[in-house]
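Written below as structure tokens is the structure these notes are about.
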2 protein chains.
Amino acid sequence: MGIVERKEREKEEMRKLILEAAQKLFLETGFEKVSIRNIADAIEYSPATIYLYFKDKNELLYAIHNIGFQKMIEEFYPALSLADPFDRLVEMGRRYFRFAFENPELFDLMFIMNAPMDALACRDDIWDEGRSAFGLLIKCVQDCIDAGVFKYQDAEVAAIMIWSSVHGYTALFLRKRLDMFEESRRKELMEEAFDLFIKTIQKGL
Amino acid sequence: MGIVERKEREKEEMRKLILEAAQKLFLETGFEKVSIRNIADAIEYSPATIYLYFKDKNELLYAIHNIGFQKMIEEFYPALSLADPFDRLVEMGRRYFRFAFENPELFDLMFIMNAPMDALACRDDIWDEGRSAFGLLIKCVQDCIDAGVFKYQDAEVAAIMIWSSVHGYTALFLRKRLDMFEESRRKELMEEAFDLFIKTIQKGL
DNA sequence: CTTGTTTACTAAACAGTGTTCAGTACATTT
DNA sequence: AAATGTACTGAACACTGTTTAGTAAACAAG
């Protein structure tokens, strides 16, 4: 029965075709400005076809959000091989930053936009991608605790605190709430604030 | 010439009428789901009329964003009268939180959504509301430095760090990125993480 | 009081959006 | 060769933000 296998393969390829066209359009034009019709035009199919492969636009965005997590975790890996656990943590923070600046649209989808979470909610599923990425952070924080870098013992709570902080800079920056500082000083200021955070948790956590 | 004055008064009242109807609809239905036509219906005018008082939807959202800042700064004031500067800082953080939880749609508009910043950008204006709210925080941090609570001397950088952190929790929570924790533990976990942050900067900053 | 002008407003249209569904043409099975 | 199943689409539905031409009332000047 090679025929059903071929069909499944074709179906998978079509999903990929849609996803790649969508991703390309989204990343170069921004998520808000790309419509289902644009994507359909790009792959030379009718808009209705897309709905044979994705329940709605949120599902499509959720699928791209997943690609984003794959990419982010890939970029985290080199950091995880550093010897010192605290260096590891700092490098993860820097990479979170860098990922956001280099892939602002993807980051937005992964951590700011409502759409992908709405897709999750209406299937009442769990956010596995977020969980596994957060898992990397927790492990790293636990290593810091075990190595005696941090006195505080609850790795999960500490991880939330660290994530929130790093995410805060990023979200404020991407959503233009730091534009009240002159453009020249902006990045420098963020660097300084991040360094300050690092030094503060090194001393105080 | 009382006639032009009356006309100006009427114009101002119409703006208010639109703004209040819009605000009411937005806060009870969410910003994404309210259209210009909905607002027009609510005040029993044609949609086109709204465009005589606001350039576009972004300007309308920006105006409501301003109301939000008035409200937030009002809620900050009691915190500013606390005697101890560090208590002041902590209380401001708690009130930032509380404001976000009690007015999620307003908070979204003020610190997460793109629309109001787009309105600002296309008039190339400065985000005065943000600046003045941030000013309160800087002053508070400066007081902590002067009182010897913090060793670190740059109030602006420290303020950015603190804002980012508090904002991080809030943004992740509001955009449902903390839903991977069980609902029962969620708020408790956030409280703990915030307390940890407070203790950490108290020791390490 | 009658002009002319300004103002406030709206109906209707434009160009777009996400989404659904009946219908078609082709592939596969019987 | 006929019947079934699948992949796809044209066209529509009910919206969206926004613009424009036109109307009716308010006002100012003669």
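Below, read A as the first sequence line, B as the second, and so on, with proteins coming before strands; counting in each chain starts at 1.
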Margin query: With a cut-off of less than 4.0 Å, is there a side-chain N or O of B/Thr49 near OP1 or OP2 of C/dT10?
Written below: yes
Note to self: Just the rounded figure in Å: distance from P of D/dG17 to NZ of B/Lys55.
What the structure shows: 15 Å
Check: To the nearest angstrom, how far is A/Leu52 atom CG from D/dT9 atom P?
Finding: 9 Å
Item checked: Between C/dG18 (P) and A/Ile50 (CD1): distance, integer Å -> 9 Å
Notebook entry, point to check: Are any of the side-chain nitrogens in A/Arg95 or A/Glu91 under 4.0 Å away from the carboxylate oxygens of its partner?
Noted result: yes
Note to self: Regarding B/Arg94 and B/Asp195, does a basic nitrogen lie under 4.0 Å from an acidic carboxylate oxygen?
What the structure shows: yes
Check: Just how far, in rounded Å, is C1' of D/dT18 from CZ of B/Phe54?
Finding: 16 Å
Margin query: Looking at every heavy atom in both A/Arg175 and B/Ile112, which two are closest together, and how far apart are they?
Written below: NH1-O, 2.7 Å
Next item on the list: Using a 4.5 Å cut-off on heavy atoms from C-beta on, say whether the side chain of A/Phe86 contacts that of A/Ile198.
Entry: yes
Check: Which nucleotide in the list D/dT20, D/dT9, C/dT19 gets nearest to the side chain of A/Pro47?
Finding: C/dT19
Notebook entry, point to check: Do NZ/NE/NH1/NH2 and the carboxylate oxygens of A/Glu75 and A/Lys71 come within less than 4.0 Å?
Noted result: no
Next item on the list: Kindly point out which of D/dT9, C/dA8, D/dG17 is positioned nearest to the side chain of A/Ser46?
Entry: D/dT9
Check: For DNA chain D, which residues in residues 25-42 of chain B have a heavy atom at a distance below 4.0 Å?
Finding: B/Val34, B/Ser35, B/Ile36, B/Arg37, B/Asn38
Margin query: If you count heavy atoms of other groups shown closer than 6.0 angstrom to CD of A/Glu183, is the number above 12?
Written below: no
Next item on the list: Check whether any side-chain nitrogen or oxygen of A/Tyr53 sits under 4.0 Å from OP1 or OP2 of D/dC8, and answer yes or no.
Entry: yes
Checklist line | Spacing of A/Lys11 atom NZ relative to C/dA27 atom C1', expressed in whole Å | finding: 14 Å
Notebook entry, point to check: Given atom OH of B/Tyr45 and atom C1' of C/dT10, what is their separation to the nearest angstrom?
Noted result: 12 Å
Margin query: Any salt bridge linking A/Asp41 with A/Arg37? Criterion: basic side-chain nitrogen under 4.0 Å from a carboxylate oxygen.
Written below: no
Notebook entry, point to check: In whole angstrom, what separates B/Glu10's CD from D/dC27's C1'?
Noted result: 13 Å
Note to self: Distance check needed: C/dC9 C1' versus B/Ile43 CD1, whole Å only.
What the structure shows: 12 Å
